[in-house]
Amino acid sequence: MARKHIGWYLASRDPRREHRARFNRLEQSAEQFAFLHELFRGDTAIDNGIHAA
């Protein structure tokens, strides 16, 4: 479920689909939360090219 909804959001903000592809490879919900926390830690994290660890 999270992959679908996060994927929709990232599709409009991540034209190269790098973040979406990485998120979709995560298996555990804790990994997904950590990824999103890192990705959105700033107001414009995606626009500034911050990549989740």
Side-chain angles (χ1 to χ4, degrees):
M1 181 71 77
R3 287 184 180 114
K4 178 171 74 171
H5 292 281
I6 298 299
W8 288 338
Y9 178 79
L10 291 176
S12 67
R13 314 255 323 167
D14 182 26
R16 294 179 302 203
R17 297 182 180 212
E18 295 171 9
H19 300 300
R20 185 177 181 182
R22 185 155 183 174
F23 182 81
N24 285 338
R25 288 191 299 268
L26 300 174
E27 297 285 329
Q28 303 295 320
S29 60
E31 294 173 317
Q32 293 172 341
F33 281 120
F35 177 88
L36 293 173
H37 176 74
E38 178 69 20
L39 191 64
F40 295 107
R41 68 181 171 182
D43 292 339
T44 57
I46 291 177
D47 296 331
N48 288 333
I50 294 174
H51 297 278

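Keep in mind that the numbers below use all heavy atoms, side chains included, and drop hydrogens, waters and symmetry copies.
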Practice problem: First locate atom CG of N24, then atom CG of L10, and finally report the distance between them rounded to the nearest 0.5 Å. | Solution: 8.5 Å
Quiz item: More than 12 non-hydrogen atoms from neighbouring residues, nucleotides or ligands closer than 6.0 Å to CZ on R3, yes or no?
Solution: yes
Self-check item: Rounded distance [0.5 Å steps], CZ in R20 versus CZ in R13
Solution: 15.0 Å
Self-check item: Gap between atom CZ of R41 and atom NE2 of H37 - 0.5 Å precision
Solution: 8.0 Å
Quiz item: Which pair of heavy atoms, one from F35 and one from H19, lies closest together, and at what distance?
Solution: CZ-O, 3.5 Å
Self-check item: Euclidean distance, R22 CZ relative to E31 CD, rounded to 0.5 Å
Solution: 10.0 Å
Quiz item: Is the F40-Y9 ring centre distance short of 6.0 angstrom?
Solution: yes
